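For reference, the structure is listed below as structure tokens.
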Number of protein chains: 4
Amino acid sequence: MSDEKTPEMTPERVEAMLTRGPFHQWLGLKVVAVHPDGIELKATWREEWVVNPDRRYTHGGILAALVDLAADWAMVAKTGRGVPTIDLRVDYHAAAMPGDLTAKGKVIRMGGQFSTAEAQIFDQAGKLLASGRGTYFTAPPKA
Amino acid sequence: MSDEKTPEMTPERVEAMLTRGPFHQWLGLKVVAVHPDGIELKATWREEWVVNPDRRYTHGGILAALVDLAADWAMVAKTGRGVPTIDLRVDYHAAAMPGDLTAKGKVIRMGGQFSTAEAQIFDQAGKLLASGRGTYFTAPPKA
Amino acid sequence: MSDEKTPEMTPERVEAMLTRGPFHQWLGLKVVAVHPDGIELKATWREEWVVNPDRRYTHGGILAALVDLAADWAMVAKTGRGVPTIDLRVDYHAAAMPGDLTAKGKVIRMGGQFSTAEAQIFDQAGKLLASGRGTYFTAPPKA
Amino acid sequence: MSDEKTPEMTPERVEAMLTRGPFHQWLGLKVVAVHPDGIELKATWREEWVVNPDRRYTHGGILAALVDLAADWAMVAKTGRGVPTIDLRVDYHAAAMPGDLTAKGKVIRMGGQFSTAEAQIFDQAGKLLASGRGTYFTAPPKA
């Protein structure tokens with residue numbers, strides 16, 4: 001998909017694309033902002049995220065999904081769509097207690113065949129909970 | 001927790017520990033086998049896993065959660081519990097179509113402070129969908 | 001490069017290809033074995049590998065280079081050549097004391113555009129020092 | 001080592017610590033700047049870095065070593081020393097042609113037991129060649 005033909009990627013438009021997916025609906029995703037080289041998402045906490053019934057923190061798989069999502073869709077202004085994830089790294093910095101999460105994604109390097117992007121996950125007090133990066137398959141779709 | 005005091009980690013016992021967590025219940029986790037250096041889990045497909053409503057494959061975040069879970073609990077025979085994830089790497093090999101998933105975790109190196117374990121995710125036909133590894137914090141809990 | 005045209009990848013042939021590179025010469029690489037899905041290399045210790053002049057262990061960058069090399073060339077039976085590394089993960093398990101190192105690489109998944117392979121690094125007593133995995137660009141070279 | 005007792009980490013002081021190691025000498029490391037949360041290093045190109053004798057680019061293992069070094073020593077203002085690497089991720093963005101390299105390291109999260117830092121590698125024209133992140137063991141040394 002050439003940049004020229006990509007319609008403007010407003011938060012509303014990207015949110016409409018994103019929330020077609022049942023998993024994205026389940027995560028309660030909202031698109032807060034779309035920049036030329038990044039994106040900011042919000043995810044809505046739900047009881048099923050909890051891994052430890054006593055200490056009540058969120059499972060790292062949810063944070064991994066959000067790192068992947070924000071890094072992937074950081075490239076939407078360039079690609080006009082989500083792109084396949086090739087691999088992902090996530091670092092866990094602090095326990096995620098119940099509450100909505102903010103995910104900020106940023107392009108590190110945009111390439112013709114594959115690209116690198118990173119993301120950070122914050123709680124509502126702005127505390128960094130997790131961060132990571134992934135490699136994405138950004139070759140244009142075959143006609 | 002010393003090895004001496006750890007009760008025998010049967011699949012039933014580990015499944016009872018695992019499924020106390022709401023996220024683990026949501027994943028429909030079953031413990032198929034527990035080995036001295038590994039574990040085999042099964043997760044029960046659900047509609048909310050789907051990321052792409054047209055092509056119907058499962059979101060990579062679910063696969064990441066299962067890589068993390070299987071690698072983490074691969075150490076249960078040694079630790080008697082799940083342990084905090086420090087970081088995680090996931091490689092995606094093929095689209096995960098609707099259906100239950102099998103996750104096999106294996107210890108790479110058990111250490112006093114932190115340990116490394118790996119996992120593979122298969123569909124019900126035995127196709128490798130994803131694999132990865134993580135670093136886990138295995139220092140004994142403070143008394 | 002199609003499999004049909006790839007000449008047989010004997011250890012001698014792969015070693016001759018590998019050791020054209022000055023860095024590979026500096027590492028004192030020898031090819032011990034070539035399998036359909038893997039390779040075994042040996043690297044010759046040298047004083048310049050030492051990072052800590054008191055404790056005398058080898059720098060992790062040398063181990064990272066060997067993980068990358070063994071994972072990359074694990075695919076040589078399929079590709080007939082080394083392939084570009086897209087990204088790499090390395091886990092460090094034990095200090096590498098002075099002495100030659102063995103690196104075993106194995107294909108995890110061979111793909112058309114990109115592939116995943118892993119490697120383990122051992123000392124001469126067979127102790128696991130490091131392990132890791134990488135994503136490699138395995139699209140056929142353009143004619 | 002408590003922060004209070006750490007002597008001021010000037011570039012000269014850190015360079016003197018770093019260049020005690022034979023591998024660091026071989027890399028021709030210079031310390032350009034030390035910040036509270038980061039470091040800038042320079043490495044001096046040498047012929048042995050070349051992996052491909054025709055196209056003349058530097059082996060990814062050298063870039064991995066520099067990502068590790070810059071991320072590790074980004075914490076020197078806090079730790080007063082280099083710290084053990086637990087694991088490392090490196091993404092390769094462009095071929096590194098002959099010439100000196102600049103490595104910028106930055107702390108992502110400083111923890112009591114383990115910490116996360118990242119690094120970027122640039123050529124002398126300021127082109128981003130590689131980037132990555134690692135987990136480091138930052139527990140205080142035992143008395």
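Each chain gets a letter, A, B and so on, in the order the sequences are listed, and its residues count up from 1. Remember, it's a predicted structure, so these values are computed and weren't measured experimentally.
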Requested in this report: With D:Phe23 as reference, evaluate C:Thr58, C:Ile62, C:Val50 under the side chain to side chain contact (heavy atoms under 4.5 Å, CB included) test and give the passing residue.
Outcome: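 Option passing the side chain to side chain contact (heavy atoms under 4.5 Å, CB included) with D:Phe23: C:Ile62.
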Report task. Report the option among C:Arg46, C:His93, C:Glu48 that has the most heavy-atom pairs separated by less than 4.5 Å from atoms of chain D. Result ->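 Top option by heavy-atom pairs under 4.5 Å: C:Glu48.
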**Report entry** Under 4.5 Å from a heavy atom of chain D, the part of C:Leu88 involved
**Finding:**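 Both parts, heavy atoms under 4.5 Å.
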Query raised in the report: Which atoms of C:Trp49 come close to chain D, meaning under 4.5 Å heavy atom to heavy atom: side chain ones, backbone ones, both, or neither?
Result: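 Backbone of C:Trp49 only, per the 4.5 Å heavy-atom cut-off to chain D.
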Between [options], the one whose heavy-atom pairs under 4.5 Å with chain C are most numerous:
{"options": "D:Thr135, D:Asp54, D:Leu66", "value": "D:Asp54"}
{"options": "D:Asn52, D:Leu18, D:Asp91", "value": "D:Asp91"}
{"options": "D:Ala65, D:Pro22, D:Gly21, D:Ala130", "value": "D:Pro22"}

Query raised in the report: For the atom pair NE2 (D:His59) and CG (C:Asp68), what is the distance rounded to the nearest 0.5 Å?
Result: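 The CG atom of C:Asp68 is 5.0 Å from NE2 of D:His59, to the nearest 0.5 Å.
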Query raised in the report: From C:Tyr92 OH over to D:Ile86 CD1, what is the distance, rounded to the nearest 0.5 angstrom?
Result: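 If we round to the nearest 0.5 Å, C:Tyr92:OH and D:Ile86:CD1 are 12.0 Å apart.
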